[in-house]
Peer 1: 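Shown below is the structure under consideration.
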Amino acid sequence: MAKAPLARARTTPATLNPRAGFPKGVPPRAIGPFLARTHIAYFSMELAVRSEMHTYCGGLGLLAGDTARACADLEIPVVFVTMLSRLGYLRQEIDRDGQQVELPDRWDPRSWCQRLPTMVTLEIEGRSVRVRPWLTILKGPKGFQVPILLLDTDVDGNSEEDRTLTDSLYGGDATYQLKQEIILGLGGLRVLRALGFDIHTYHMNEGHASLLTLDLLNESRTAPRKSGPRRTPYNIPGVRRQCVFTTHTPVKAGHHRYGYDLFKRLLPGEIDLAALKSLAGKDRLNLTLLGMNLSDYVNGVSRQHAETTRQMFPRQRIHAVTNGVHVATWTHPAFAKLYDSRFPRWRQEPEVLVRALHLADSEVWDCHQVTKQELLERILQASGTAFDPEALTIGFARRMTAYKRPLLLFEDTGRLAELASQRRFQVVLAGKAHPRDKAGKEAIRRIHELARELDGKVSCVFLPNYDMEWAKALVAGCDVWLNTPLPPMEASGTSGIKAALNGGLNLSVLDGWWAEGCIEGVNGWSIAHTEGKDSDRRDAATLYDQLEKVVLPCYYTETGRWCSMMKQSIANVGSYFTSQRMLRQYAADAYLH
Ligand SMILES: *Cc1c(COP(=O)(O)O)cnc(C)c1O
């Protein structure tokens with residue numbers, strides 16, 4: 001296949017004069033300070049920079065955002081690449097029947113980002129598609145800056161259809177999604193080159209970014225080895241040395257796969273198809289497999305998830321880097337003030353939170369009352385429901401999808417009401433369902449129905465439009481953070497970690513990070529899972545037993561013990577499951593190897 005192998009050759013760097021073409025553009029000078037020191041690029045389809053920028057959907061995007069924030073704290077030079085997602089993921093409203101209504105979630109990039117005067121061109125489906133980056137910068141506590149590039153195809157010269165390709169996060173059909181993956185992977189890589197970055201390590205956060213390897217493969221042929229005509233011309237070890245891959249998906253069906261016909265239609269001649277099939281799957285294009293096969297370092301996001309991934313991909317060497325959260329972002333100001341006064345360096349070095357056991361019971365209890373009161377006021381405002389500040393408050397908020405079992409708590413509403421008649425508790429729920437996730441949407445409708453049924457017995461409120469702002473309020477203000485995934489589906493999960501940083505106690509199925517973090521009765525509680533038919537019913541019974549016999553009595557009759565558990569939660573979970581620890585691990589094991 002005789003074809004120009006160099007991505008650089010197909011790239012049009014800085015094609016437009018900033019003054020002429022981009023009245024609001026800034027000189028590429030904005031990127032200058034980053035070029036010499038930055039040799040690592042992190043690619044993610046979604047990335048939660050701030051709540052006003054609707055460039056995220058759930059845990060994957062929050063993880064990417066927290067990773068960027070940790071880079072700013074630890075002064076690790078990484079450039080991040082994501083999509084502009086002008087219409088966001090979705091804005092959720094709930095109609096009278098409890099059905100999710102999905103609206104565009106538009107945001108204005110000009111408020112938070114600068115448009116860079118650079119453009120690259122991709123050939124997709126026989127058309128030239130221009131991709132332009134926007135830049136936003138995260139600043140660390142000492143001023144260290146981390147650049148985030150957001151890719152945009154709403155550019156003059158693109159067809160109407162192509163202009164919408166960077167609108168909707170996870171929107172559209174398979175064709176739209178594969179085009180987005182082409183833009184993220186190939187577009188992102190070429191934008192970095194056009195801006196002048198010299199990247200040595202490409203970190204792909206999930207398979208959405210894997211197509212960047214196509215350019216790397218093509219480049220690797222520029223120095224072909226004299227190894228005979230029958231050997232692949234691509235220098236695969238050379239590509240692998242440049243790539244790091246993190247997988248988040250715990251089941252085979254979760255891995256995006258495309259027909260090769262679609263791929264050939266969108267990217268004809270991009271790559272030797274036989275070679276691609278040997279890397280990405282014989283019958284269908286599996287982007288996870290492609291990323292894994294072309295990365296020297298591959299990891300799952302918890303120890304258990306790494307083990308599950310090894311069973312799914314037995315030929316791969318899978319490391320484990322357990323996810324963490326950015327402590328300064330997820331700690332409520334009331335707790336942050338307490339930590340500032342006792343552990344001055346906790347933001348940069350969250351390990352010191354291990355000394356939380358030295359705090360007085362009254363200190364953590366009082367802080368939590370502040371965060372709880374604030375949450376209850378917000379719930380009142382949003383829903384009209386007045387929660388009882390004295391009553392145990394249970395929170396469940398995350399993407400609404402079947403494997404997270406949002407209805408498990410309501411498996412036996414009779415038992416639930418009976419429990420609440422003995423010792424009061426109230427439940428707050430939130431979460432969006434993907435527009436095509438029927439089960440997730442049905443769960444939202446059913447929760448509303450059940451909340452009406454339980455009215456007067458158990459207060460249940462569903463808050464619409466779960467986002468970063470709601471997450472902050474909820475993880476800080478709930479007494480108990482509930483998670484009921486079907487193992488091993490929760491690759492890691494992170495919201496329970498956020499709760500722990502604020503003295504929240506986790507009550508969860510032992511899956512993902514909690515399988516590592518839980519010390520039964522010390523920093524939270526488990527919900528035993530049993531395999532087999534009717535497992536939901538049995539797991540729910542275990543959950544009710546834990547509430548009845550352990551959690552509710554502890555809350556109402558052993559305040560001292562509860563406070564001690566809050567401190568253990570901060571000390572054990574908050575000191576270890578942090579994005580700083582996670583990033584140091586990536587830096588030592590994946591970036592610097
Ligand atoms: C932390 C967070 C998540 C991830 O929560 P999980 O418990 O890991 O599912 C999702 N959405 C938002 C807004 C978050 O802040």
Side-chain angles (χ1 to χ4, degrees), residues 44 46-70 88-92 105 169-170 205-206 248-250 254 300-302 304-305 322-332 375 394-406 408 428-434 437 440 443 463-478 480-502 504 506-517 524 573-574 577-579 582:
S44 183
E46 50 169 317
L47 195 155
V49 184
R50 56 193 312 140
S51 65
E52 295 91 341
M53 293 172 59
H54 305 158
T55 51
Y56 66 94
C57 151
L60 187 74
L62 270 302
L63 179 82
D66 279 2
T67 304
R69 286 179 271 278
Y89 173 56
L90 63 90
R91 190 161 63 79
Q92 181 194 54
D105 201 15
L169 180 59
Y170 305 133
N205 190 36
E206 192 63 298
H248 297 257
T249 315
V301 290
S302 69
Q304 187 161 307
H305 176 238
T322 304
N323 281 347
V325 307
H326 186 249
V327 296
T329 300
W330 297 105
T331 302
H332 185 281
L375 173 64
I394 300 174
F396 182 99
R398 46 183 52 84
R399 283 186 303 115
M400 287 285 150
T401 189
Y403 83 79
K404 305 229 186 204
R405 297 194 290 182
L408 196 79
V428 55
L429 304 109
K432 299 173 183 173
H434 189 277
D437 184 346
L463 298 165
N465 207 39
Y466 184 52
D467 64 359
M468 237 178 131
E469 277 317 297
W470 270 120
K472 281 183 185 172
L474 284 163
V475 297
C478 289
V480 168
W481 196 253
L482 178 70
N483 195 11
T484 52
L486 186 66
M489 303 287 281
E490 188 76 300
S492 166
T494 50
S495 59
I497 305 168
K498 302 168 189 170
L501 277 166
N502 296 287
N506 281 275
L507 170 59
S508 293
V509 171
L510 293 176
D511 197 14
W513 79 274
W514 189 232
E516 291 165 49
V573 177
F577 294 93
T578 68
S579 49
M582 178 187 78

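Whatever order the structure lists ligands and atoms in, that order sets their numbers, starting from 1. Since the structure is predicted, the reported quantities are computational estimates derived from the model, not experimental observations.
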Peer 1: Atoms of ligand 1 less than 4.0 Å from Trp330 heavy atoms?
Peer 2: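 Going through ligand 1 atom by atom, the ones under 4.0 Å from Trp330 are 15 (O).
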Peer 1: Record the part of Phe396 in heavy-atom contact with ligand 1 below 4.0 Å; permitted values are side chain, backbone, both and neither.
Peer 2: neither
Peer 1: Once rounded to the nearest 0.5 Å, what's the spacing between atom OG1 of Thr249 and atom NE2 of His305?
Peer 2: 6.0 Å
Peer 1: May I ask you to decide if Gly324's main-chain N or O and Asp66's side chain share a donor-acceptor pair within less than 3.5 Å?
Peer 2: no
Peer 1: When you measure from the heavy atoms of Lys498 to every atom of ligand 1, does any distance fall below 4.0 Å?
Peer 2: yes
Peer 1: Where does Asp467 meet ligand 1, judged by heavy-atom distances below 4.0 Å: at the side chain, the backbone, both, or neither?
Peer 2: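 Looking at Asp467 and ligand 1, just backbone atoms fall under 4.0 Å.
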Peer 1: Nearest protein heavy-atom contact for atom 7 (O) of ligand 1: which residue, which atom, what distance?
Peer 2: Ser495 OG, 2.4 Å
Peer 1: Checking a contact table here: which protein heavy atom is nearest atom 8 (O) of ligand 1, and how many Å away?
Peer 2: Thr494 N, 2.7 Å
Peer 1: Drop me the distance from Trp481's CH2 to Lys498's NZ, to the nearest 0.5 angstrom.
Peer 2: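 The distance works out to 8.0 Å.
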Peer 1: Purely on distance, is any nitrogen or oxygen of Lys404 under 3.5 Å from one on ligand 1?
Peer 2: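 Right, the criterion is met.
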Peer 1: State the atoms of ligand 1, each with its element, that fall below the 4.0 Å cut-off from a heavy-atom position in Gly493.
Peer 2: 8 (O)
Peer 1: Which distance, rounded to the nearest 0.5 Å, do you find between the CD of Glu46 and the CG of Leu63?
Peer 2: 9.5 Å
Peer 1: For atom 10 (C) of ligand 1, what's the nearest protein heavy-atom neighbour? Residue, atom name and distance, please.
Peer 2: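 Its nearest protein heavy-atom neighbour is Gly59 N, 3.7 Å.
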Peer 1: So, taking the atom named CG in Leu375 and the one named CG in Leu463, what distance separates them when rounded to the nearest 0.5 Å?
Peer 2: 7.5 Å
Peer 1: Can a donor-acceptor pair be found, under 3.5 Å and without considering hydrogens, that links the side chain of Ser579 to the backbone of His326?
Peer 2: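 Yes, because the side chain of Ser579 sits within donor-acceptor range (under 3.5 Å) of the backbone of His326.
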Peer 1: With rounding to the nearest 0.5 angstrom, report the CD to CH2 distance, Glu490 to Trp513.
Peer 2: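 Those atoms lie 10.5 Å apart.
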Peer 1: With a cutoff of 4.0 Å, is Trp470 in contact with ligand 1, counting heavy atoms of the residue only?
Peer 2: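 No heavy atom of Trp470 comes that close to ligand 1.
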Peer 1: Once rounded to the nearest 0.5 Å, what's the spacing between atom CZ of Arg405 and atom CG of Asn483?
Peer 2: 9.5 Å
Peer 1: Nearest to atom 11 (N) of ligand 1, what protein heavy atom do you find, and at what distance?
Peer 2: Tyr466 CE2, 3.5 Å
